[in-house]
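Here's the structure we're looking at; comments come further down.
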2 protein chains.
Amino acid sequence: MVKINLEPRTFLFPMPTTIVGANVNGKPNYVTIAYCGIVQADPPMLSVACHREHYTNAGIKENQTFSVNIPSEEIVEITDYIGLNSGKKVDKSGLFATFYGSLKTAPMIQECPLNLECRLHKIVDIPGRDELFIGEIVAIYTEDKYVSNGLPDINKIRPIIFSYGDHNYWKVGGHLGKAWSIGKNYRPLNT
Amino acid sequence: MVKINLEPRTFLFPMPTTIVGANVNGKPNYVTIAYCGIVQADPPMLSVACHREHYTNAGIKENQTFSVNIPSEEIVEITDYIGLNSGKKVDKSGLFATFYGSLKTAPMIQECPLNLECRLHKIVDIPGRDELFIGEIVAIYTEDKYVSNGLPDINKIRPIIFSYGDHNYWKVGGHLGKAWSIGKNYRPLNT
């Protein structure tokens, strides 16, 4: 087994494909973001990294709110379109049916099966291309048809997986096992 | 389309399944983490959120280094085992063939197709259960057999997708499209 080195880049597998929403100049704006991850279990918090040049950033700062919307396979084309076109040049406010939740200023997408409404907790000071926003997830919106046993069902949501580097979108595939469970069968060689 | 509310929890889809490595008390220790995401494109940085009680955290702080290892489908059982058993009770140093890179103190897993060697950049002060570590990715290790056109190939790596809530592991499925490309075909209704 010979390991080789690749140039250090953001090669995390898999990455999510999300649509981040913020009101900018009084209108909903949406941008496609794969640089998103959970950063705190309780209270639930996530991070979103946005290019400092992105149109969205000013809206997050102004309102101190934003949303993370999980698109499904069916809307992969418009999801990519949103990432290709900046709000500086294209008015994206009419692309989806927008709704608002308890925070009033975080626009969310009706057509996405899952919506995470976030209050900006802090902007983390790190050097580089992107600004790093940490948000507390204050509400989750979905529809009955995406839920099983009271929980979001990945097979009903059908989220879009992003592969960085070759830049492709992928479906979720077959079941591998139950977490915090299948490892109980594992026996280390030395025991 | 009627939206319903779910209790706010960390419902991001999909999440990665990673194995975070750190030297603790002079020995490699590994813990399974889904709370991991990219936080900066350039220089490449990622975040890892670990329960404040985790055995790993002290090692990251002591050495100021850690690794993020991407397991493949084949090792899903041991990946789950690692998450079920704390380094406080189980010596996990012999479960894998460990190697070290340029930082010298970030243990990495030979059996994982992709290894991200990280220098701790900062610990972000957020309230809650987990500590949030931000690391700069200083090196990427893989094998020729996981690479296509000079880039990691998700279909060769076969990473494990984690679904939070129902807690399951999933494979990567079929191809949906080329990112920053298929959206070029999309035409908004109003143009």
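The chains referred to below are lettered A, B, ... by the order of the sequence lines, with proteins before strands, and numbering in each begins at 1. Below, all heavy atoms of this structure are taken into account, side chains as well, without hydrogens, waters or symmetry copies.
- Of the atoms belonging to B:V76, heavy atoms from both backbone and side chain fall under 4.5 Å from chain A.
- Interface remark: B:I157 contributes side-chain atoms only to the contact with chain A (heavy atom separation under 4.5 Å).
- Using a 4.5 Å cut-off between heavy atoms, B:E136 does not touch chain A at all.
- Neither the backbone nor the side chain of B:K92 comes within contact range of chain A; no heavy atom of the residue lies under 4.5 Å from a heavy atom of that chain.
- Looking at B:N85, neither its backbone nor its side chain comes within 4.5 Å of chain A, counting heavy atoms on both sides.
- Taking the side chain as every heavy atom from C-beta outward, B:M45 and A:L132 never approach each other to under 4.5 Å.
- Between the CZ atom of A:F13 and the CD1 atom of B:I70 there is a distance of 8.0 Å, given to the nearest 0.5 Å.
- Contact of B:H121 with chain A is made through the side chain alone, with heavy-atom distances under 4.5 Å.
- For chain A, the nearby part of B:T18 is the side chain; its heavy atoms alone come within less than 4.5 Å.
- Interface remark: B:S47 contributes side-chain atoms only to the contact with chain A (heavy atom separation under 4.5 Å).
- Contacts of B:M15 with chain A are made by both backbone and side-chain atoms, with heavy-atom separations under 4.5 Å.
- No part of B:I82 comes within reach of chain A, as not one of its non-hydrogen atoms sits under 4.5 angstrom from that chain.
- Both the backbone and the side chain of B:I182 come within contact range of chain A, with heavy atoms under 4.5 Å apart.
- With a 4.5 angstrom heavy-atom cutoff, B:V48 does not touch chain A via any of its atoms.
- You'll find the side chain of A:Y81 reaches within 4.5 Å of the side chain of B:P188, heavy atoms only.
- Of the listed residues A:A49, A:S181, A:P14, the one with more heavy-atom pairs under 4.5 angstrom with chain B than any other is A:P14.
- B:V147 places a side-chain heavy atom less than 4.5 Å from the side chain of A:I4.
- Side-chain contact between A:Y35 and B:V39 is absent, with no heavy-atom pair separated by less than 4.5 Å.
- Residue contact with chain A, scored on non-hydrogen atoms closer than 4.5 Å, involves the side chain of B:N115 exclusively.
- Taken to the nearest 0.5 Å, the CG atom of B:L46 stands 9.5 Å off from the OG1 atom of A:T10.
- For the pair B:K3 (side chain) and A:Q110 (backbone), a donor-acceptor distance under 3.5 Å is present.
- In this structure, A:I154 and B:N168 have side chains that are not in contact, with every pair of non-hydrogen atoms separated by 4.5 Å or more.
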